[in-house]
Amino acid sequence: MSKHLTKRSDNYSKWYNELVVKAGLAENSAVRGCMVIKPYGYAIWEKMQQQLDIMFKETGHENAYFPLLVPKHLFEAEEKNAEGFAKECAVVTHYRLKSDDNDKTKLVVDPEAKLEEELVVRPTSEAIIWNTYKNWIQSYRDLPIKINQWANVMRWEMRTRLFLRTAEFLWQEGHTAHETKEEAVEEAILMNNVYAQFAEEYMAMPVIKGKKSESERFAGAEETFCIEALMQDGKALQAGTSHFLGQNFAKAFEVKYANKEGKLDYVWATSWGVSTRLMGALIMSHSDDNGLVLPPKLAPFQVVIVPIYRNQEQFNLVSDKAKTIQKDLQANGITVKFDDRDTHKPGWKFAEYEMKGVPLRIAIGPKDIEKGTVELARRDTLTKSFVSADDVSGTVIQTLEDIQKNLYTKAHNFTTNHTKFIDSYADFKAYIENEGGFAECFWDGSAETEELIKKETKATIRCIISEDDLEGKKCMYSNNPAKAKVLYAKAY
RNA sequence: CGGGGCGUAGCGCAGUCCGGUUAGCGCACCUGCUUUGGGAGCAGGGGGCCGCAGGUUCGAAUCCUGCCGCCCCGACCA
């Protein structure tokens, strides 16, 4: 492993790519656009999953699993959804290989084994799920259905980047069915709020909640709610989306229920998801030129203990102390790794855990044993202090809380400092070009304005913040009466 | 799919223009000794179908042709 990471100020994108690899989170694989998520990276994803799963269950959802492959006729049933995803679908056309007649060591697709109907590798699961819900729903007594699935999906993207955009990615997708429009809208908003809460409390990442403009909406949705986060390079990252699907899928799949009056009606739907892209968001929100910085609530281990010693006798002494502290911390619910490997030196370990973003490091050496102290090093501030070995747990618990808060505060200040209200297009262009960040602006609600601004500046409407109090407000671009206050930014 | 670049050890690269001993360097790896409070030092060692397939030549990593793959910039996107 090389010693240094490219600096963010030199090349942000290179910094990110190197960081993901050097911190042991993920790497590119032999499959185009698909990544291998390595154990340390997967451990973070598991932490995210565990917490989200708890939150989904608290809001009344159950997990289930639907097939990876979707028959083409089902996939095309909801027109807009099909059209939106058609360009990036992997398709299974055959079910068998055979050895090549010209070269027995090679395999070729057996032309005899062509499928009568192609199977689409799911880019999202609405189709297969709604086709299933059709069989599950007859009466209002069958509603609501609130299901989540943890799965992989595939979207054949042109250009991929580890975690931010890969051809295959892991995510969760919630799919719910409701009696009324109001209930479905409420559900979509609720889940967007759950995402926002997760981002802020666990990822320590401030987000802006809003809804998408029509052009940025999910294919097949009536309304898309989203959370947007600002990365350190001033670009926005869509961190989660929650869709109110209206009756579009119910109509496409003929999902009707008998209501309390005995009349048949189409059900109302939502879907919502967050993906391994959250890993990218987490990495970019807090990390620095020394490597990853993780919030304590999502770190695979919150504390690492590094022993320092010259000989076996010292090691035994230090190791005893370390194990006592480790047990005590574990008893307090803190995850601790004691790195007693003799194959690497302390300095190497310090650098390594800094790269991996472990929130707190405890070093214990002969001097500490003498003085009854340990050295405590914070990853977020890179500061070190000596604390009494008698109450390490108390100090650690307090410090971990501080770190979690500090990361949020830092990110929040960054977002606030890089969010500007702008009402002149000239200022807007200069801001997007030179500073980067969120721009709050009034918008006339037209797709033309949106499109032109995108063409001229590469900034897009990340979300609509509000549609109230627009009396006398003018669109920054067209000067026409404003229909909404929106957030613009260049996006990932 | 348009424009640019690159394929040489696990990783990062030099060598290619101008063909010529045994293909080299850094990191990593292995062995030994000394080390261990911020990525240790010295000594020794292992590892290459030079992207693939043809061609030119006495001789090809180097020249020619074709193919494949990857990266970057655009269009597309959670």
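This structure is a prediction, so every number in the text was calculated from the model and none was measured. So you know, we letter chains A, B, ... as the sequences are listed, proteins then strands, and number each from 1.
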A/Met231 CE to A/Phe414 CZ distance, which is reported to the nearest 0.5 Å: 9.0 Å
message: Rounded at 0.5 Å granularity, tell me how far CG in A/Asn248 sits from CH2 in A/Trp268.
response: 9.0 Å
task: In whole angstrom, give me the gap between the P atoms of B/U16 and B/G7.
output: 12 Å
query: If we take the C1' atom in both B/C50 and B/A61, what is their distance in whole Å?
result: 4 Å
Expressed as a whole number of angstroms, how long is the span from [X]:[atom1] to [N]:[atom2]?
{"X": "A/Asn17", "N": "B/C70", "atom1": "CG", "atom2": "P", "result": "16 Å"}
{"X": "A/Glu352", "N": "B/A28", "atom1": "CD", "atom2": "C1'", "result": "13 Å"}
{"X": "A/Glu18", "N": "B/C71", "atom1": "CD", "atom2": "C1'", "result": "14 Å"}
{"X": "A/Ile308", "N": "B/G37", "atom1": "CD1", "atom2": "P", "result": "7 Å"}
{"X": "A/Glu228", "N": "B/A78", "atom1": "CD", "atom2": "P", "result": "10 Å"}
{"X": "A/Glu451", "N": "B/C76", "atom1": "CD", "atom2": "C1'", "result": "13 Å"}
{"X": "A/Trp348", "N": "B/G41", "atom1": "CH2", "atom2": "P", "result": "15 Å"}
{"X": "A/Lys87", "N": "B/A75", "atom1": "NZ", "atom2": "P", "result": "14 Å"}

- prompt: Which residue lies toward the 5' end of RNA chain B, A/Glu354 or A/Tyr492, if each is placed at its nearest nucleotide?
  reply: A/Glu354
- line: Nearest-nucleotide check on RNA chain B, A/Thr276 vs A/Arg161; residue mapping nearer the 5' end is A/Arg161
field: Sidechain-backbone polar pair: A/Lys146 side chain, A/Thr59 backbone, donor-acceptor under 3.5 Å
entry: yes
query: Which atom pair, heavy atoms only, marks the closest approach of A/Glu450 to A/Glu216?
result: OE2-CG, 4.0 Å
- request: Mind running salt bridge (Lys or Arg N to Asp or Glu O under 4.0 Å) on A/Asp340 and A/Lys349 for me, showing each step along the way?
  value: CA-CA 10 Å; A/Asp340 61 352; A/Lys349 292 177 185 174; over 6 Å; no
Partner nucleotide of [N] by Watson-Crick or wobble geometry (both distances under 3.5 Å):
{"N": "B/C50", "result": "none"}
{"N": "B/A75", "result": "none"}
{"N": "B/C58", "result": "B/G20"}
{"N": "B/G12", "result": "B/C25"}
{"N": "B/C70", "result": "B/G5"}
{"N": "B/C42", "result": "B/G32"}

For [X], which contact category applies under a 4.0 Å heavy-atom criterion: base, sugar-phosphate, or nothing?
{"X": "A/Phe218", "result": "nothing"}
{"X": "A/Asp368", "result": "base"}
{"X": "A/Thr241", "result": "nothing"}
{"X": "A/Lys349", "result": "nothing"}
{"X": "A/Lys458", "result": "sugar-phosphate"}

Given [options], the nucleotide with the shortest approach to the side chain of [X]:
{"X": "A/Gln238", "options": "B/U35, B/A78, B/G38", "result": "B/A78"}
{"X": "A/Tyr309", "options": "B/G38, B/C76, B/U36", "result": "B/U36"}
{"X": "A/Phe386", "options": "B/A78, B/G39, B/G37", "result": "B/G37"}

Lys/Arg N to Asp/Glu carboxylate O, A/Glu228 vs A/Lys212, below 4.0 Å: yes
